[in-house]
Protein chains: 2
Amino acid sequence: MKIDHYKSHDHLLVALDCIIFGFDRNELKLLLIKRDFEPEKGNWSLMGGFLRKDESLNESAERILNNLTGLRNIYLEQLHAYGEIDRDPVERTISVAYYALIDVHTHDKELVEQHSASWFPINEIPDLIFDHQEMVKAALKRLRYKASHQPVGFELLPEKFTLPELQKLYEGIYDTRLDKRNFRRRILSMDVLIKTDEKQKKYSKKGAFLYKFDQDKYTEKVTNGDSLVFKPLRS
Amino acid sequence: MKIDHYKSHDHLLVALDCIIFGFDRNELKLLLIKRDFEPEKGNWSLMGGFLRKDESLNESAERILNNLTGLRNIYLEQLHAYGEIDRDPVERTISVAYYALIDVHTHDKELVEQHSASWFPINEIPDLIFDHQEMVKAALKRLRYKASHQPVGFELLPEKFTLPELQKLYEGIYDTRLDKRNFRRRILSMDVLIKTDEKQKKYSKKGAFLYKFDQDKYTEKVTNGDSLVFKPLRS
DNA sequence: ACAAAAGTGTTCACTGTACACCCATGA
DNA sequence: TCATGGGTGTACAGTGAACACTTTTGT
């Protein structure tokens with residue numbers, strides 16, 4: 001065969017769709033946009049776009065996410081490639097889904113408004129176009145797995161956070177209730193949080209101490225082969 | 001925007017590559033082919049092909065796997081989409097990698113020979129073209145995760161197998177040694193194996209009882225919310 | 001009779017989980 | 001002073017892991 005044999009094969013559109021998770025008011029949420037073109041104009045959708053020849057998949061996902069949020073360097077991971085023949089009625093398109101974890105307070109609210117985007121609690125997601133519902137379901141499953149083995153939850157919180165906030169986050173991700181004492185003991189025993197001497201008084205009169213995640217210490221522990229389990233405890 | 005706005009976007013080649021696992025002579029192995037066209041002609045490669053417009057990603061992976069092994073209805077799961085710009089030097093191509101688990105004794109040996117394919121122990125994989133080495137690494141990681149939570153190991157064995165064989169399989173997958181008594185107790189306590197009254201005398205004079213995996217019972221347990229852990233024990 | 005693999009139970013340490021009360025503060 | 005959320009310790013049960021000898025049978 002010749003080197004140009006590739007030419008004889010089909011060329012397709014490659015789309016990307018982003019499942020954007022945030023955590024606000026003790027709830028896990030998704031950022032969805034109202035689609036402004038046909039087909040399915042006016043319906044809710046994941047933020048998406050098409051892959052360009054001059055960018056990698058990851059770069060494309062970063063670009064698309066940046067278009068909506070104005071953010072860079074955020075936690076972004078490939079989820080799955082969706083390739084049913086008729087998944088997009090206009091033209092044969094495969095879509096590579098990515099999920100992102102962002103701190104809801106940092107994104108660019110103007111951009112979000114321009115896209116008619118809004119945040120939906122994970123349990124109140126409206127009907128979505130194409131196979132986006134399936135993507136969301138898979139993303140949630142992946143987030144649950146990921147958060148139980150790696151410290152990704154912190155991506156959804158501000159740099160400084162309280163232990164009650166962190167607990168609420170895990171409760172939101174796993175849709176469950178956790179025991180306060182067990183949760184605190186477990187998280188603190190990992191020894192990857194730095195306690196600051198500041199107190200957060202937003203939610204209580206007494207105030208709760210703010211902590212920071214210690215990325216260096218975590219990296220060191222992983223390098224040493226320690227396996228930290230962030231999986232939450234029951235009840 | 002008009003409905004035909006899609007036309008203005010880039011169209012790309014979409015390839016598929018298959019990481020094919022087998023288990024033979026107490027070793028976990030991969031089926032690799034010797035590439036018979038440029039570029040990289042003569043070098044070792046994963047079995048691959050291009051996605052056609054008239055087939056879904058899964059169908060395409062099944063077709064490609066069938067081309068090499070003659071097998072159908074094989075355990076096949078999408079791994080990851082690879083999309084670096086220069087991953088294929090001929091033309092911009094994204095590749096969706098799938099991994100397959102097959103019983104090495106059932107595949108069509110003629111087809112495999114036609115493709116100059118052969119089985120390599122997982123620890124003796126030769127240099128591979130493009131980013132195929134990265135794919136293999138990710139596939140092994142995924143297999144390890146998957147096999148610890150779901151009964152996929154059985155896909156690599158014949159329908160009937162002995163407990164020592166099953167133990168060797170897990171030892172191969174995790175590159176570790178397991179305690180015989182702990183392993184047997186754990187696997188049998190899941191209550192998803194059917195003991196036959198046949199003995200396999202291939203490896204010993206005494207002979208070992210053959211077992212079958214009870215898919216129905218397993219499905220029932222999962223439906224009941226039981227979470228079986230196939231994760232192996234240490235030492 | 002012996003070599004080689006199959007098969008079998010018990011003990012201990014650790015970790016997950018249940019559970020209730022005091023503390024600090026702003027209103 | 002009181003209402004609200006923050007913070008703390010202990011006891012028990014279940015599970016993971018270590019560990020050695022007997023059985024079967026072909027040669």
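All values below were derived from every heavy atom in this structure, side-chain atoms included, with hydrogens, water molecules and symmetry-related copies excluded. Lettering follows sequence order; numbering is per chain, from 1.
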request  = Give a yes or no on this: more than 12 heavy atoms of other residues, nucleotides or ligands lie within 6.0 Å of atom CG of A:Asp127.
outcome  = no
inquiry  = Without decimals, in angstroms, what is the distance between B:Gln200 CD and C:dA5 P?
reply    = 13 Å
request  = Decide if the gap between the ring center of B:Tyr145 and the ring center of A:Tyr145 is smaller than 6.0 angstrom.
outcome  = yes
inquiry  = How many whole angstroms separate atom CG of A:Leu166 from atom C1' of D:dG7?
reply    = 15 Å
request  = Examine C:dG7: is either OP1 or OP2 under 4.0 Å from a nitrogen or oxygen in the side chain of B:Arg184? Give yes or no.
outcome  = yes
OP1 or OP2 of C:dG7 under 4.0 Å from side-chain N/O of B:Arg181 = no
Whole-Å distance separating the CZ atom of B:Arg185 from the C1' atom of D:dG14 = 13 Å
message = Expressed as a whole number of angstroms, how long is the span from B:Lys180:NZ to D:dC21:C1'?
response = 10 Å
ask   = Should A:Asn58 and A:Ser56 count as side-chain neighbours, where that means a heavy-atom distance under 4.5 Å?
value = yes
key: With B:Phe161, the ring-ring contact (aromatic ring centres under 6.0 Å, His included) member among B:Tyr211, B:Phe23, B:Phe154, B:Phe209   = B:Phe154
note = From CD of A:Gln167 across to C1' of D:dG5 the rounded distance in Å is 12 Å
request  = Return the set of residues passing salt bridge (charged side-chain N to carboxylate O under 4.0 Å, His left out) with A:Arg184 (not counting sequence neighbours), or none when no residue passes.
outcome  = none
ask   = To the nearest Å, how far apart are A:Ile187 CD1 and C:dG16 C1'?
value = 14 Å
ask   = Roughly, in whole Å, what's the span from CZ in A:Arg186 to C1' in C:dG16?
value = 7 Å
request  = Grab the CG-P distance between A:Asp179 and D:dG9 for me, whole Å please.
outcome  = 14 Å
inquiry  = I need the B:Leu128 CG to B:Arg35 CZ distance, nearest 0.5 Å.
reply    = 12.0 Å
Write out a two-atom table: protein N or O, nucleotide N or O from nucleotides 23-27 of chain D, distance below 3.5 Å.
| from | atom 1 | to | atom 2 | distance (Å) |
| --- | --- | --- | --- | --- |
| D:dT23 | O2 | B:Lys206 | NZ | 3.0 |
| D:dG26 | OP1 | B:Lys201 | NZ | 3.0 |

